Protein chains: 2
Amino acid sequence: MKKALAFTSHDHKRCRRATLATVEKICAERNIRLTPVRRNTLEILLETHTALGAYELLEKLSQSGFCDKPPVVYRALGFLMEQGFVHKLERHNAFVACSEPKKCKNPCFLICRACSRVAEQTMPAAHTELVSAANQAGFITQNSVIELSGLCAQCPSDS
Amino acid sequence: MKKALAFTSHDHKRCRRATLATVEKICAERNIRLTPVRRNTLEILLETHTALGAYELLEKLSQSGFCDKPPVVYRALGFLMEQGFVHKLERHNAFVACSEPKKCKNPCFLICRACSRVAEQTMPAAHTELVSAANQAGFITQNSVIELSGLCAQCPSDS
DNA sequence: GGCAACTATGTTATATTGTAACATAACGAA
DNA sequence: TTCGTTATGTTACAATATAACATAGTTGCC
């Protein structure tokens with residue numbers, strides 16, 4: 001498993017642009033509309049590899065001239081989540097841009113308590129292990145929430 | 001992995017009593033107090049292998065004569081969670097009694113969409129796999145939220 | 001272009017979930 | 001028994017999320 005992108009220094013402007021381009025391509029393919037609010041919401045989330053609360057997002061959106069009412073942001077988030085462009089961290093009631101739209105499958109989230117950065121990792125082996133263990137207990141898994149909290153490599157272990 | 005208790009028919013009265021007895025024993029050992037609200041909260045959650053929202057719980061508590069105010073239930077839940085007697089399902093903002101207080105470690109939750117029952121399983125192999133995969137990505141896991149949604153063995157797969 | 005159907009956004013209001021802060025009461029050790 | 005600690009009652013409010021309906025924009029069809 002290579003180091004998580006979110007936790008390593010990288011050309012983030014490029015990273016953002018690339019993700020946005022992928023999303024645009026997918027929207028074209030699916031014949032769905034990345035309208036201004038939706039696009040702006042995604043762009044805000046793409047600014048950093050951290051998660052934002054809906055109301056933080058809403059404030060930033062209103063600074064960009066959009067209507068400052070909860071349904072605005074929740075609708076945009078609804079769309080983006082439905083399409084898999086954004087994920088919700090259930091533990092934190094916060095939203096994070098998908099770092100690999102298109103490839104993203106059964107994502108696990110690694111959430112650094114010190115720097116708040118969130119890495120999205122697909123861990124196929126672990127996921128399979130989990131699902132098959134559940135299956136042996138007589139359970140058919142349809143959906144998984146996997147959120148690990150801890151410390152990323154860049155944060156000192158006493159923080 | 002044997003079938004999850006919550007999903008199989010069993011002597012539930014006995015199951016409840018046993019869990020409560022274990023909790024009482026642990027409280028004695030730890031020298032902490034299972035006061036009436038706390039005990040009642042736990043008993044309500046032990047009635048079924050399902051999760052309840054804080055306000056549902058609060059209503060039941062008030063039916064038992066406790067003060068009908070949010071802090072009452074949140075404080076009881078806070079205590080019970082701190083001690084590991086109750087867990088929160090983050091995905092559902094709901095609370096479920098721990099089915100194996102004492103043995104409980106890194107629990108995963110299997111949540112049936114059809115019947116709402118919740119099984120708590122420790123899946124050591126899967127958990128280790130997950131933590132070590134995260135570790136290879138440069139991440140030190142301190143805490144995990146693992147919640148699988150799907151169908152239990154007793155519920156028809158078209159439900 | 002004009003119209004109908006559909007999709008998206010604006011807006012008001014309210015539901016749901018969770019805490020802060022301080023007053024009162026119960027408990028437990030000296 | 002009295003003092004410090006722990007727990008509960010109570011008021012008020014913060015944070016998160018949705019319902020419902022009005023308005024506007026977009027698309028396809030004629």
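These numbers were taken from a predicted model, which means no experiment stands behind them. Every heavy atom of this structure was used, including side-chain atoms; hydrogens, water molecules and symmetry mates were not.
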Might you confirm whether atom CD of B:Glu59 has over 12 heavy atoms from other residues, nucleotides or ligands at distances under 6.0 Å? no
Taken to the nearest whole Å, CZ/A:Arg30 to P/C:dT7 is 17 Å
For D:dT18, does either OP1 or OP2 sit under 4.0 Å from a side-chain N or O belonging to A:Tyr74? no
Looking at DNA chain D, which of residues 39-50 of chain A put a heavy atom within less than 4.0 Å of it? none
Should the ring pair A:Phe139 and B:Phe7 be called parallel, tilted or perpendicular, given that the plane angle runs from 0 to 90° and is split at 30 and 60? parallel
Using atom NE2 of A:His92 as one end and atom C1' of D:dA15 as the other, report the distance to the nearest whole Å. 15 Å
Between A:Arg39 and A:Glu43, is there a side-chain N and carboxylate O pair less than 4.0 Å apart? yes
Provide, to the nearest angstrom, the distance between the CG atom belonging to A:Asp68 and the P atom belonging to D:dA17. 16 Å
Other residues, nucleotides, ligands: >12 heavy atoms within 6.0 Å of A:Arg30 CZ: yes
So which protein N/O to nucleotides 9-11 of chain C N/O distances come out below 3.5 Å?
| from | atom 1 | to | atom 2 | distance (Å) |
| --- | --- | --- | --- | --- |
| C:dT9 | OP1 | A:Thr35 | OG1 | 2.7 |
| C:dG10 | N7 | A:Arg75 | NH2 | 2.5 |
| C:dG10 | O6 | A:Arg75 | NH1 | 2.9 |

Would you tell me whether A:Ser99 and A:His49 have side-chain atoms, one donor and one acceptor, within less than 3.5 Å of each other? no
Between C:dA8 (P) and A:Leu77 (CG): distance, integer Å: 15 Å
Greater than 12 external heavy atoms within 6.0 Å of B:Lys25's NZ: no
On DNA chain C, compare the nucleotides closest to B:Arg33 and B:Ala54; which residue's is nearer the 5' end? B:Ala54
Please report the distance, rounded to the nearest Å, between CD in A:Glu59 and P in D:dA14. 16 Å
Figure out the CE/C1' separation between B:Met81 and C:dT17, and round it to whole Å. 12 Å
Ring stacking, B:Tyr55 with base of C:dT16, under 5.5 Å and under 30°? no
Starting from P on C:dG18, measure out to CD on B:Glu56 and report it in whole angstrom. 12 Å
Contact under 4.0 Å: B:Asn93 side-chain N or O vs C:dG18 OP1/OP2: yes
Could you go through the side chain to side chain contact (heavy atoms under 4.5 Å, CB included) check for A:Glu129 and B:Met123 one step at a time? CA-CA 9 Å; A:Glu129 181 79 39; B:Met123 297 172 170; over 6 Å; no
Regarding A:Arg91 and B:Glu147, does a basic nitrogen lie under 4.0 Å from an acidic carboxylate oxygen? no
So for atom NZ, which belongs to A:Lys60, do other residues, nucleotides or ligands contribute more than 12 heavy atoms lying within a distance under 6.0 Å? no
How close or far is atom P of C:dT17 from atom CG of B:Leu58, stated in whole angstroms? 12 Å
Report the residue (B:Asn31 or B:Phe95) whose heavy-atom-nearest nucleotide on DNA chain C is the more 5′ of the two. B:Phe95
